[in-house]
Amino acid sequence: MAAAPVAAPGPVAGLTPLPSTDQVVASVSSGRVDPFAPLQTTATQGGVRPALTLPQGLVFNGVIRSGGTPEALVQFSGESGTLRVGQKGGRTTSLLPDGWSVASIDVQRGRLTLRQAGQSVTAEL
């Protein structure tokens, strides 16, 4: 003889029911809404927001940690590769225009911060 299925208990008075799995998943945002939308950039210098933007033609694709060193995956002038903190355009890399340098790379937050003429601009994934 087969056992009858057991029905889930009903709500108990005075207790708030837990959200369903679908409700929990729907409430968590992850990734970008549109992965092909332009990257957001922010620039700061002493609380003033100058109009510094990423170099024309630079595409920031992601970040990795290689051998314990953070690197940014980029494309520029038909080339693609990685940038490391301290690299300077026109001197140590062809992946940045002259006068630009890599100030920081935050792998945890997916950020690349570049510097030009004492001003910084940050791109986020």
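By convention here, the first residue in the shown sequence is residue 1. Only heavy atoms go into these numbers, but all of them, side chains included; no hydrogens, no water, no symmetry mates.
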>> If you compare all heavy atoms of A72 against all heavy atoms of F60, which two are closest, and at what distance to 0.1 Å?
In response: CB-CE1, 3.9 Å
> In Å, rounded to the nearest 0.5 Å, how long is the span from CG of L96 to CZ of R115?
Replying inline: 13.0 Å
> Roughly how far, to the nearest 0.5 Å, is the CG atom of D98 from the NZ atom of K88?
Replying inline: 12.5 Å
>> Is it the case that atom CZ in R91 sees more than 12 heavy atoms from other parts of the structure closer than 6.0 Å?
In response: no
>> Are S94 and F76 packed together at the side-chain level, in the sense that at least one heavy-atom pair is separated by less than 4.5 angstrom?
In response: no
> Can Q87 and T93 be counted as having a side-chain donor-acceptor contact under 3.5 angstrom?
Replying inline: no
> Q75 and side chain to side chain contact (heavy atoms under 4.5 Å, CB included): which partner among N61, L95, L58?
Replying inline: N61
> Which atom pair, heavy atoms only, marks the closest approach of S104 to V85?
Replying inline: CA-CG2, 3.9 Å
>> Just so I know, are the side chains of D106 and V63 near enough to count as touching, which here means a heavy-atom distance under 4.5 Å?
In response: no
> Between L125 and G62, what is the shortest heavy-atom contact and its length?
Replying inline: CD1-CA, 3.6 Å
>> So, applying side chain to side chain contact (heavy atoms under 4.5 Å, CB included) with I64, which one of T69, I105, L73 is it?
In response: L73
>> With rounding to the nearest 0.5 angstrom, report the CG to CG distance, L83 to L114.
In response: 7.5 Å
